[in-house]
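Both backbone and side-chain heavy atoms feed into the values below; hydrogens, waters and symmetry mates do not. Just so we're on the same page: letters track the sequence lines, and every chain starts at 1.
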Amino acid sequence: MNTKSLYQEVILDHNRKPRNYGTLNEASHHAVGHNPLCGDRLDVALNLENDHIDDIAFQGESCAICKASASMMTTAVKGKPLTDVETLIQEFREMAIGKLDLESPHHLGRLTVFSGIRDLPTRVKCAILPWHTLHAALNSVTTTSTEARNDPVHATAGKA
Amino acid sequence: MNTKSLYQEVILDHNRKPRNYGTLNEASHHAVGHNPLCGDRLDVALNLENDHIDDIAFQGESCAICKASASMMTTAVKGKPLTDVETLIQEFREMAIGKLDLESPHHLGRLTVFSGIRDLPTRVKCAILPWHTLHAALNSVTTTSTEARNDPVHATAGKA
Amino acid sequence: MKIIDTSIQPRKIQTNSMEKFRADFPILKLKINDKPLIYLDSAASSQMPQVVIDRLVHYQTAQHANINRAVYYLSEIATSEYEGARHKLQKFINAREDREVIFTSGTTDSINLVMHGYGRKFIKAGDEIILTTLEHHSNIVPWQMLAEETGAKIRIVPINDKGELLIDAYEKLFNKRTKFVGLIHVSNALGTINPIKQMIAFAHLHHVPVLIDGAQAAPHIKVDVQDLDCDFYAFSAHKLCGPTGVGMLYGKAAQLEAMQPFKGGGDMIASVTFEKTTYNVIPHKFEAGTPPIAAAIGFGAAIDYLSTIGMDKIHLYELDLLNYATELINDIPGVHIVGNAINKTAVLSFVVDGIHPHDIGTLLNQEGIAVRTGHHCAQPVMQRFNIPATSRASFAFYNNKLEVDALIAGIRKVQKVFL
Amino acid sequence: MKIIDTSIQPRKIQTNSMEKFRADFPILKLKINDKPLIYLDSAASSQMPQVVIDRLVHYQTAQHANINRAVYYLSEIATSEYEGARHKLQKFINAREDREVIFTSGTTDSINLVMHGYGRKFIKAGDEIILTTLEHHSNIVPWQMLAEETGAKIRIVPINDKGELLIDAYEKLFNKRTKFVGLIHVSNALGTINPIKQMIAFAHLHHVPVLIDGAQAAPHIKVDVQDLDCDFYAFSAHKLCGPTGVGMLYGKAAQLEAMQPFKGGGDMIASVTFEKTTYNVIPHKFEAGTPPIAAAIGFGAAIDYLSTIGMDKIHLYELDLLNYATELINDIPGVHIVGNAINKTAVLSFVVDGIHPHDIGTLLNQEGIAVRTGHHCAQPVMQRFNIPATSRASFAFYNNKLEVDALIAGIRKVQKVFL
Ligand SMILES: Cc1ncc(COP(=O)(O)O)c(C=O)c1O
Ligand SMILES: Cc1ncc(COP(=O)(O)O)c(C=O)c1O
């Protein structure tokens, strides 16, 4: 495993200049994600229109992996229909825990820069937290945690 | 260590036919000794007259080592002045924990058949219990235990 | 006492396929008083196979760090090995999920966890707790402490002369004040295997949760907590070829979630301020502080070892030893087995006319034979049979018939000394 | 991640006589990502020297049995080795008597023992418990649980910006409702060594007993409980080159005797009937069930090992490492040490501008360097400094200046990644 490859330019760039960082004036859905093990906290707000994510923003203090993951997540899901978003959430989670065959067809695109995270079990949660929080927001859970068990995203991530 | 030598004829004989077994009609001193670790229980009653042990008896359910030790103790201390008895208690205790030099002068006589007990740490208490109870009786403690800590006999025996 | 550590080749008296496992236990090669060690005290603590010893050494030389939270390699590997051990236990007892398995420091700790976590939260003055005459002190004293604190009452299931629970009497004890049942699966003093599945089902008819003390069952018979449907199940690693210092508590997730924590400290919390502390999810809520990491991993290795042999095979082999030994012991005049239940594990408690158990223990030791003598932390059983103590030979799959023969010869020799 | 276990010869950069002890630790020969392991997380858990590993193996291969009561050889030897370990601890901390030393499963267990045994018996609604901002969660959460149960109140000693306790504020907290003081000897998050002797003396003026959490002190400085005059002192073996799963609680005999037991079970009782149970004498009253026998014996071996080196020598050597590392770290722009007390052990908590501790931890691991990142189970300290987490390098006597140099180079490299 080469951790350096994980800290690639693209991730470092998103960490330095996070996209869609801030709040939304009007949000139809909103959730706060929390990783109690490292104290990280992430706010995800979005506007759903006609089952499409019309707008999305995030905010919070976190490590580079988490911030870049959140930033790239927002660019990836913005404008997408809900069903596509659910697929991305699922695929990202599977990639993070090393269960996605990257050779087979998938929809992650540039999000595969996070594939190296599977070799760092303690950091998997950092990469997943934004997706986990997005999932919670879409399911109208207003606060969540990487330790919350009833969430299907975490339920598996916790085993990583 | 040869345990067999401990279970000598003399001990087995005292176990089979304990001397001074029973109760005294009138006792000036009395104590019950208890070894909670094996459930053994011993009653020692005695009559002190002019600082001499005029009469003594014991009673109770116990192992062979304990019963023989009690039996031989009663024959050893009967008729003896208190100061001699205190010396015997002290010497017996030291022998049991291997701290008595049997080559140097002492007063234990045939009681040295118990010297092998020092090699059986868990059985030391069995041999000492009668002496411990006698000591308690003389010091007007009516119930005692091999686990009682404030008794000088046990205080050291406990470390064995 | 001299100990000569030479590899002695056990004579092959049987072609039983279990015999080969014996060689996995280095301690069984010891000599005591120039005689081969004959270890018949596995009910008190079992011995450890080389593969578990090696696992512990490997952990200390290549994997040790504190678990949870750290992002460096050693901590990650230690965490995943520790959680891996939990998973092995989950499989071993067929729990629904890993989080239903809590690492404790042993059976006693497990039962105290339930007393503090469940009992002190849900049991009140006037409530009744059902225990049995067969319980080990570890499943009596915690409930007495709780009864004293809360004013709850303890009701006792009696046994018959064979050492079997009276199921009718058990069922009659239930009433609307009954709030908890603590039940030993296999008696450590007598070997009785209790019909716990039926007893649990009856308690559940009354909506009463049941804690099973499985310390003597898990090492000898297959345990399936879903099939038993018990609410809690506890046992210790050191009776299953694992290390001292670790044990486990199985609890149904819903029960564990409803309980209050037992010990406070690191890792059992989600966040701490002096104003407000929130607890972590199960199993972590019950694992405060640095757990016995090495021992838990050793526990997992021991479970792997036993699973490779197979619990069913172990049970059958030990039953054969039990029957063989029972017959031979019954042949000795003046020797009486205490505990003759129809369903037993390979535990033989006995008394010998005119000879105190301690003298038997000491004289058998002279022959290299290790048996336990005393009340076996089960004084109510002793009181029931009106004896202060017994001698107890308990067998594991690494024992054999040659050793039974040696025990029988040893007892006869002790009797001769006292003739 | 590849691990190559080859014996690498550490280059001799200093003629310091401590360097030779490093070779006693097999795990330090590991390679992580093709780089030699640089283990800087001893505050979380220390590593184990070969002599302790060997002791554990010897126990399992030639001495194991359950302790207490049995009359056969293995049980006698296990009992005497276990009690021997207690005696080594008594000497190590200069307790008056062996029975003042209780084996627990670790510091957390020790503190919970005091909470249940002393706190739940003697602390009532309205009473006040004094703790400090520096406490580890294990000396906060148990008292919060007690406060919630009883209605007692917790009062907090604040710290200054260097991470030192404000002694004036401490003394002002006392009043006639003050019933207990819980005090960390050395802060695990910052390294601060607290003036506990003076603080204990002040509490005693008010007849208030003091519990010292010595988890981070005992491994690094000489502890003399009689000189300190503390009522309780707790620490874990796994931070003193011993095994996980065992720790100790020192308590003054009179305090321990007055307390109620914590866990119920075997060996902590003198006799049991369903009507009445009487408890055993100390230390046994507090050691219910089968203790971590092997780990306790390993603890004893670790104490022997450290005593041979000498705690004073260890302290001086580690101080030298601390000063060296502090100077070098302060030279790096953008790096800030959190915790600059005058009296410190070799703990360096730091934050780096613009870089999250987790990213630092992961990237240092890439260089083979193990540091801890997070709140270190001391969230109130983090809150005080208004940070969620730090990176923490903690040193033991088996570390050296070469490793400090590697840490410094590592931090600079991390900064470059984020430039
Ligand atoms: C100061 C302090 N107290 C208590 C503890 C808890 O010790 P353990 O986890 O061994 O119970 C620790 C260890 O992290 C510590 O550093
Ligand atoms: C039936 C039973 N329950 C509980 C225990 C206590 O187990 P531990 O001492 O490992 O806590 C034992 C062990 O002696 C036992 O046999």
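Contact count versus chain C (heavy atoms, under 4.5 Å) is highest, among Val371(D), Val246(D), Leu56(D), Asp54(D), for Val371(D). The residue among Gly361(D), Ala370(D), Gly245(D), Gly289(D) with the most heavy atom pairs within less than 4.5 Å of chain C is Ala370(D). Among Ile154(D), Asp267(D), Ile140(D), the residue making the largest number of heavy-atom pairs under 4.5 Å with chain C is Ile140(D). The greatest number of non-hydrogen atom pairs below 4.5 Å with chain D, out of Ser236(C), Ser42(C), Ala65(C), Pro142(C), is found for Pro142(C). Contact count versus chain D (heavy atoms, under 4.5 Å) is highest, among Asn66(C), Asn139(C), Asp109(C), for Asn66(C). Counting heavy-atom pairs closer than 4.5 Å to chain C, the top residue among His238(D), Lys276(D), Gln50(D), Glu135(D) is His238(D). In terms of non-hydrogen atom pairs under 4.5 Å with chain C, the most contact-rich of Met145(D), Arg120(D), Glu149(D) is Arg120(D). Most heavy-atom pairs under 4.5 Å with chain C, from the set Leu131(D), Val57(D), Ile369(D), Ile156(D): that is Ile156(D).
Formation of a donor-acceptor pair under 3.5 Å by the Gln144(D) side chain with backbone atoms of Thr273(C) is found in this model. With Gln60(C) contributing its side chain and Pro26(D) its backbone, the two residues share no donor-acceptor pair below 3.5 Å. Side chain of Gln383(C) to main chain of Val272(D): a donor-acceptor pair is present (N/O by atom type, distance under 3.5 Å, no hydrogens or angles). With hydrogens and angles disregarded, no donor-acceptor distance shorter than 3.5 Å links the side chain of Thr108(D) to the backbone of Ala288(C). A side-chain donor-acceptor contact under 3.5 Å links His64(D) to the backbone of Ser46(C). Thr244(C) contributes a side-chain N or O that, together with a main-chain N or O of Ala294(D), makes up a donor-acceptor pair within less than 3.5 Å.
The distance between the ring centers of Phe262(D) and Phe262(C) falls below 6.0 angstrom.
For Met382(C), no part sits under 4.5 Å from any heavy atom of chain D, backbone or side chain. Ile293(C) touches chain D through backbone and side chain together, each having a heavy atom under 4.5 Å away. Contact annotation for Gln260(C): neither backbone nor side-chain heavy atoms come within less than 4.5 Å of a heavy atom of chain D. Contact of Ile360(C) with chain D is not made at all, since no heavy-atom distance falls under 4.5 Å. Only the side chain of Asn112(C) has a heavy atom closer than 4.5 Å to any heavy atom of chain D. With a 4.5 Å cut-off on non-hydrogen atoms, Pro357(C) does not touch chain D at all.
Taking CD1 of Ile269(C) as the reference point, atom OG of Ser138(D) lies at 11.0 Å (rounded to 0.5 Å). The CZ atom of Arg155(C) lies 12.5 Å from the CZ atom of Phe274(D); values are rounded to the nearest 0.5 Å. The CD1 atom of Ile67(C) lies 10.5 Å from the OG atom of Ser45(D); values are rounded to the nearest 0.5 Å. Rounding to the nearest 0.5 angstrom, the gap separating the CG atom in Leu40(C) from the OH atom in Tyr72(D) is 9.5 Å. Taken from NZ in Lys263(D) to CE in Met115(C), the straight-line distance is 11.0 Å, to the nearest 0.5 Å.
Contact detail for Ser75(D) and Arg372(C): the closest heavy-atom pair is OG-NH2, 3.7 Å.
Contact check for His375(D) versus Ser271(C): no side-chain heavy atoms found under the 4.5 Å cut-off. Between Gln47(D) and Leu74(C), the closest side-chain pair of non-hydrogen atoms falls below 4.5 Å. In this structure, Tyr279(D) and Val141(C) have side chains that are in contact, with non-hydrogen atoms separated by less than 4.5 Å.
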Query raised in the report: Step by step, would you call Val71(C) with Thr373(D) a side-chain contact (heavy atoms from CB on, under 4.5 Å)?
Result: CA-CA 7 Å; Val71(C) 299; Thr373(D) 52; 4.0 Å; yes
